[in-house]
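Take a look at the structure below.
The basis for the numbers below is simple: all heavy atoms, side chains too, and nothing from hydrogens, waters or symmetry mates. Start at 1 and go down the list; that is how both ligands and their atoms are numbered.
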Amino acid sequence: MADDVQTPKLREALRGIPAYRPGKIPDASTFKLSSNENPYPPLPGVLEKVQKSCETFNRYPDMGVARLCSEIASRFGVPVEHVATGTGSVGVAQQLLQATSGPGDEVVYAWRSFEAYPIITQISGATSVKVPLTPDERHDLDAMAEAVTDRTRLIFVCNPNNPTGAAIGREELTRFLDRVPGDVLVVIDEAYREFVRDPRIPDGVELYRDRPNVAVLRTFSKAYGLAGLRVGFAIAHEPVAEALRATAVPFGVNSVAQVAAVESLRAEEALLERCESLVQERTRVLEELRKQGWTVPDSEANFVWLRLGEDTMDFAAKAEVAGVVVRPFAGEGARITIGEVEANDIFLRVASEFRD
Ligand SMILES: *Cc1c(COP(=O)(O)O)cnc(C)c1O
């Protein structure tokens, strides 16, 4: 390009934005254990309704997402005004930042946690305040409460945490929420809620009820198996829920996704049965890893975490050669999704050989 050609001025905030690394696209002979997707294909009943809905996609979707919001409201026993949808729960998280945070503001979250947090925070223009996990891979909620300043506008609490799988108990989380000033929004990201089995882990929807500064994020991407359709939602009091409706991309949640999400809630029993099988696989995988001698944190999600340090990329490469794509974080560790039994077996074999 010639020197005198001008380029559009882009916002300073976008400079050096960390690139979101999507899970690698594996070829037909490899299993994808890198994006925490549901390995089961869509339920036949859901698929049928979705296919039928395709016949009218020349029309715009329902902008108010009325049927889905009302299904969600009755499923969770909350007022429909407290439900807001978006293009995946990442889309909703981005709207929450848009509604609360900008240049000069601070956004607090644990690190390492969900990769999208630093990216969407930077896009908002706000500053990330990353609070290191404890040595046993958990949120350090005391340190997070201490990190709150006059500038803090939003706090992400990822429960259970992606990528470590560790979850926060009721008392600890309640104590934290009691410490956070009421004008700071606490976003409890429960993308993996349906995989939680430990009764000590609270349901964010219970915590939000008498706390106007708490928003709960849920998604249809993981347990409900709709990752490709991009639909998630928040449950929050007004005016937060209202702000989400104001910041929504018009017609953002497409008509096919709306139908799929409604039908998935109606088919919830069958979908949760599948989750139960994945939870059983998780138990098997964790037990086997420990038998092999690995130190691995308990996981309440559909993945496990191996703290491999400098060996991380080597491990990921060996896994890929063996036929499973995992999600490495160089120098830290690898996150491995619980997938098909066959895929989990390949991963366990790689893990075993890696120790020899
Ligand atoms: C996968 C995931 C999501 C879900 O993202 P969608 O945009 O709903 O697909 C949200 N939060 C966390 C922590 C996740 O791991």
Specify whether F315 and W294 have parallel, tilted or perpendicular ring planes, treating 30° as the upper limit for parallel and 60° as the lower limit for perpendicular.
perpendicular
Relative to the ring of F76, is the ring of F233 parallel (under 30°), tilted (30 to 60°) or perpendicular (over 60°)?
tilted
Protein contact to [atom] [nearest heavy atom, distance to 0.1 Å]:
atom: atom 4 (C) of ligand 1; answer: S89 OG, 3.2 Å
atom: atom 9 (O) of ligand 1; answer: S221 OG, 2.6 Å
atom: atom 15 (O) of ligand 1; answer: Y192 OH, 2.6 Å

Which ligand 1 atoms, with their elements, are less than 4.0 angstrom from a heavy-atom of [X]?
X: R230; result: 6 (P), 7 (O), 9 (O)
X: A191; result: 2 (C), 3 (C), 10 (C), 11 (N), 12 (C), 14 (C)
X: K222; result: 1 (C), 2 (C), 3 (C), 4 (C), 14 (C), 15 (O)

Indicate yes or no: does an N/O atom of T219 lie under 3.5 Å from an N/O atom of ligand 1?
yes
Could you say whether the N/O atoms of G91 and ligand 1 ever approach to under 3.5 Å?
no
If you measure from each non-hydrogen atom of [X] to ligand 1, which part falls under 4.0 Å: side chain, backbone, both or neither?
X: C158; answer: side chain
X: N162; answer: side chain
X: F220; answer: neither

Quick check: closest heavy atoms across A116 and V90, and the distance to 0.1 Å?
CB-CG1, 4.2 Å
Looking only at heavy atoms, which two atoms of R151 and G104 are closest? And how far apart?
CD-O, 3.5 Å
Evaluate the ring-ring contact (aromatic ring centres under 6.0 Å, His included) criterion for residues F303 and Y192: first the C-alpha distance (whole Å), next the side-chain angles of each, then the deciding distance (0.1 Å), finally the verdict.
CA-CA 10 Å; F303 52 82; Y192 303 96; 5.1 Å; yes
Is there a heavy atom of G232 sitting under 4.0 angstrom from any atom of ligand 1?
no
Work out whether the distance between some heavy atom of D189 and some atom of ligand 1 is less than 4.0 Å.
yes
Just checking, is any N or O donor in the side chain of N302 or R282 under 3.5 Å from an acceptor N or O on the other one?
no
Within the distance-only criterion (no hydrogens, no angle test), does the side chain of D189 pair as donor or acceptor with the backbone N or O of V157 below 3.5 angstrom?
no
Do any N or O atoms from the side chain of E71 and from the backbone of V262 form a donor-acceptor pair under 3.5 angstrom?
no
Using the six-membered ring of F329, assess whether NZ or CZ of R327 lies under 6.0 Å from its centre and within 45 degrees of the ring axis.
yes
